[in-house]
Protein chains: 2
Amino acid sequence: MLHFWYVHSMLDHIRDKNALITMQKAGISKTQQRIAVLNILSKAATPLNISSIRQSLQSKTRINRVTIYRILSLFKMRGIIRDITSSGISYYELATRENPVHPHFNCLNCGKLSCLEPLTFSQAKHLFNTDENFSIEHIEINISGLCSYCRNAT
Amino acid sequence: MLHFWYVHSMLDHIRDKNALITMQKAGISKTQQRIAVLNILSKAATPLNISSIRQSLQSKTRINRVTIYRILSLFKMRGIIRDITSSGISYYELATRENPVHPHFNCLNCGKLSCLEPLTFSQAKHLFNTDENFSIEHIEINISGLCSYCRNAT
DNA sequence: ACCAAAAATGCAACATAGTTGCAATTATTT
DNA sequence: AAATAATTGCAACTATGTTGCATTTTTGGT
């Protein structure tokens with residue numbers, strides 16, 4: 001039987017490799033800080049906000065607050081990640097083919113952001129009577145309430 | 001023919017009266033600052049963010065930054081206003097029967113937030129497969145791109 | 001209309017998010 | 001392996017938002 005730590009170090013290794021490939025494709029320098037940020041986002045099951053990212057990073061990599069902002073901003077520009085702002089807080093998630101744009105659910109109790117089933121852009125676009133000639137570039141749908149855990153806990 | 005200033009002072013008078021009635025109904029003290037904030041929001045054609053509200057207020061009423069936050073928070077709790085957070089900035093609009101919850105359009109160029117045609121809560125709710133037992137309390141839909149003005153200006 | 005009690009405002013101080021310029025460090029290219 | 005280019009760290013700054021406490025304004029009873 002494989003050991004826990006072994007499986008994990010193996011996964012970490014794969015992730016590091018993927019991170020390098022991603023940055024290669026994007027044509028940006030492969031720095032330790034960028035790899036670390038990318039790995040944290042690829043490990044995450046839900047979109048993460050800056051403070052979660054900082055916490056996860058500080059234990060492993062020495063990284064400045066400003067650097068995180070700059071890396072996230074660069075990743076966003078290059079289409080590597082997407083940001084979701086729910087209740088005034090920015091969350092980040094990987095933007096891959098396998099992970100298309102989708103609505104999010106923000107628990108008002110625990111604050112966790114979960115991903116909902118995707119709605120295609122055209123489906124969503126169809127909903128809104130935009131006879132006024134707006135050019136739609138982004139549709140953000142955020143739903144809030146209580147997640148199943150918090151709902152049952154109360 | 002009626003003079004411009006006359007019509008306006010008349011409208012202001014009606015607004016002041018409406019503001020007083022609103023606060024009476026909500027069972028909260030009728031203060032100058034609250035009347036001023038309420039009037040600004042009732043005059044506005046689009047949802048306003050804090051800095052717009054501050055700017056509009058400072059010319060007329062002496063009011064502290066903190067007071068505006070407290071008033072908006074109270075109004076929100078009492079259901080007098082609604083807040084919309086688009087791209088990390090909070091905007092406020094009157095929450096009346098005639099003005100139901102609706103999606104918003106945020107121009108990425110000029111930053112202005114416009115109101116789109118409403119979608120009923122049940123229409124919107126129906127869209128999302130929430131088989132997981134989330135309890136939905138709020139659905140926020142924000143669309144961004146270029147407004148007609150900015151689109152044509154470029 | 002006045003006075004006491006209750007409520008709201010102003011102010012100072014603080015916390016967090018996010019940005020910018022510049023010097024020091026790290027990647028990349030040859 | 002060295003020179004150049006890019007990135008990071010740091011200090012300082014802006015904006016948003018919050019809290020405690022003293023001062024002022026509203027409210028409600030007389």
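Because the structure is a prediction, the values reported are computed rather than measured. All chains are named by letter (A, B, ...) in the order of the sequence lines, taking the proteins before the strands, and each is independently numbered beginning at 1.
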Can you tell if the side chain of Pro47(A) reaches within under 4.5 Å of the side chain of Arg82(A), non-hydrogen atoms only?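 With C-beta onward as the side chain, the pair stays apart.
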Using a side-chain heavy atom cutoff under 4.5 Å and only I, L, V, M, F, W and Y, what cluster partners does Ile28(B) have?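 Traced through the cluster, Ile28(B) reaches Leu20(B), Met23(B), Ile35(B), Val37(B), Leu38(B), Ile40(B), Leu41(B), Leu48(B), Ile50(B), Ile53(B), Leu57(B), Ile63(B), Ile68(B), Tyr69(B), Ile71(B), Leu72(B), Leu74(B), Phe75(B), Met77(B), Ile80(B), Ile81(B), Tyr92(B), Leu94(B).
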How many whole angstroms separate atom [atom1] of [X] from atom [atom2] of [N]?
X        : N       : atom1 : atom2 : answer
Leu74(A) : dT8(D)  : CG    : P     : 9 Å
Lys76(B) : dT18(D) : NZ    : P     : 10 Å
Asn64(B) : dG17(D) : CG    : C1'   : 13 Å
Ile63(A) : dT7(D)  : CD1   : P     : 14 Å
Phe75(B) : dT9(C)  : CZ    : C1'   : 14 Å
Met23(B) : dA8(C)  : CE    : C1'   : 12 Å
Arg62(A) : dG9(D)  : CZ    : C1'   : 7 Å
Ile89(B) : dT16(C) : CD1   : P     : 21 Å

Contact list for DNA chain C against residues 38-48 of chain A - heavy-atom distance below 4.0 Å: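 Within this stretch, nothing sits under 4.0 Å of the strand.
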Base versus backbone protein contacts along nucleotides 19-30 of chain C [heavy-atom cut-off under 4.0 Å; B, S, -]: BBB-----SS--
Nearest to the side chain of Thr67(B) - dG9(D), dG10(C), dA17(C)?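 Of the candidates, dG10(C) comes closest.
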Please pick, from dT16(D), dG10(C), dG18(C), the nucleotide with the shortest atom-to-atom distance to any side-chain atom of Ser51(B).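 The closest nucleotide is dT16(D).
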Between Ile71(A) and Arg54(B), which residue's closest nucleotide on DNA chain D lies nearer the 5′ terminus?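 The residue closer to the strand's 5' end, by nearest nucleotide, is Ile71(A).
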Output the distance between atom [atom1] ([X]) and atom [atom2] ([Y]), rounded to the nearest 0.5 Å.
X        : Y        : atom1 : atom2 : value
Gln32(A) : Lys60(A) : CD    : NZ    : 13.5 Å
Ile84(A) : Asn49(A) : CD1   : CG    : 11.0 Å
Arg70(A) : Arg34(A) : CZ    : CZ    : 10.5 Å
Ser52(A) : Ile89(A) : OG    : CD1   : 9.5 Å
Thr85(A) : Tyr91(A) : OG1   : OH    : 10.0 Å
Ser42(B) : Glu93(B) : OG    : CD    : 13.0 Å

Decide if atom NZ of Lys76(A) counts as having more than 12 heavy atoms of other residues, nucleotides or ligands within a radius under 6.0 Å.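 For Lys76(A), atom NZ is not crowded (no more than 12 foreign heavy atoms under 6.0 Å).
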Does a nitrogen or oxygen in the side chain of Arg34(B) sit under 4.0 Å from OP1 or OP2 of dT25(D)?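 So the side-chain polar atoms of Arg34(B) never come under 4.0 Å of the phosphate oxygens OP1 or OP2 of dT25(D).
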